[in-house]
Amino acid sequence: MHELSITENILNLAVDYAEQANAVCVTDLHLVIGQLSSIVDDSIQFYWDIISKDTLCAGATLHFERIPAELQCQDCGTTYTLSRELMACPSCDSIRLKVLSGEEFRLESIQVETT
Amino acid sequence: MTTVPVVQEIMSANDRIAAQNREKLEAAGVVGMNVMASPGAGKTSTILRTIEALAPHFKLGVVEGDTANVTIDADKVLAAGMPAVQINTGGSCHVDAVMLSGALPELPLGEIELLIVENVGNLICPASFTLGTHFNVVIASVPEGDDKPYKYPNIYRGIDALILNKIDLLPYIDFKMDYFKRGIDILNPDAAFFPISCTTGEGVAEWVAWLKNRVKMIQLA
């Protein structure tokens, strides 16, 4: 249920940037979400439809770009992508790993109408 | 149609307030610790054990985050003689930076060296909200099962110490310590690990020694 607070953050950010751009409405939002952030797309969409009413973002479409979790083994250098469960290095079974991507959680851009 | 680049962390508003909280804590010379766990892991028991052991060394304060308007936890801390403030998150599943900033003025910060923030019992939501505390601790417990690092990876990523409570129950529960520990090592190999039992007191001394050291290091920095 933390998706409600998170969706409010997304709405506030989008409205700020839309106002700065003198937009009359926002049509699309592009979100980048890493696999390791515990965010459920459907849940954000659910709250979005409710809280974006009566704002510049009413009716705007949410686009989710999911970034897979990519890990690099600090022992043998192998880079691999997590498919489902957390796993050690597939080459050497080391657990000294560095997370290269998968923790992203940002609003990349919005598309707006200005007239 | 115009594309407006934003490229902003979605949690940036929360993070800004968290940075202000940190400034307020540091201005008063307070070290902040955020304690997260699932419901029933033993957050309050661990905090009470910790208070008991640390009270001779540091002046302590506690912020209790609770989703319902019950003061059971805050009352226990007050009974232990500590300044405590309750944040009622109003059904919300986490404490965020704004809630903590509202609680800080209610505490005698000048008289506190270590402020313990007990987050709402939840392994998902608190991970997304920085508070401005200096470090994060998760309390896991044996009855929750050994698969939690695999199911809730996010919460283990940014922590400095992991406590595994209720180890007195290990003989009765199928809990594979190696499997649990391996998940933590993959996610956060630098996290200090403390198996403890609040019932028997086993392991509490090691945890408290680490905490004392950590607080002193931050005070000196």
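Letters A, B, ... are given to chains in the order of the sequence lines, protein chains preceding strands, and every chain is numbered from 1. If you're wondering where the values come from, they're calculated on a predicted model, not measured in any experiment.
- When each of A/Asp93, A/Asn12, A/Ile33 is scored by its heavy-atom pairs under 4.5 Å with chain B, the top score falls to A/Asp93.
- Heavy atoms from other residues, nucleotides or ligands lying under 6.0 Å from CD of B/Glu202 number 12 at most.
- Heavy-atom pairs under 4.5 Å with chain B were tallied for A/Lys98, A/Arg96, A/Gln111; the largest tally goes to A/Gln111.
- Contact annotation for B/Ile155: neither backbone nor side-chain heavy atoms come within less than 4.5 Å of a heavy atom of chain A.
- The shortest distance between side-chain heavy atoms of B/Met1 and A/Asp28 falls below 4.5 Å.
- Two residues are said to be in side-chain contact when any heavy atoms from C-beta on lie closer than 4.5 Å; A/Ile6 and B/Met11 meet this criterion.
- For CZ of A/Phe46, the number of neighbouring non-hydrogen atoms (other residues, nucleotides, ligands) closer than 6.0 Å is 12 at most.
- Annotation: side chain of A/Arg106 is not in contact with side chain of B/Ser12 (no heavy-atom distance under 4.5 Å).
- B/Val6 is not listed as a side-chain neighbour of A/Glu108, based on a closest heavy-atom distance of 4.5 Å or more.
- Residue A/Glu103 touches chain B through its side chain alone, counting heavy-atom pairs closer than 4.5 Å.
- In this structure, the portion of B/Phe129 lying under 4.5 Å from any heavy atom of chain A is its side chain and not its backbone.
- In plain terms, the two heavy atoms of A/Ser109 and B/Pro5 that are nearest each other are CB-CA, 4.1 Å.
- With a threshold of 4.5 angstrom between heavy atoms, A/Ala88 approaches chain B through its backbone and through its side chain.
- For the atom pair A/Leu107 CG and B/Gln8 CD, the distance stands at 8.5 Å (nearest 0.5 Å).
- Distance check, rounded to the nearest 0.5 Å: CD1 of B/Ile10 to CG of A/Leu31 gives 5.0 Å.
- When all heavy atoms of B/Glu9 and A/Leu13 are compared, the closest pair comes out as O-CD1, 3.8 Å.
- Across A/Ile10, A/Ile110, A/Val99, A/Leu97, the residue that shares the most heavy-atom pairs under 4.5 angstrom with chain B is A/Ile110.
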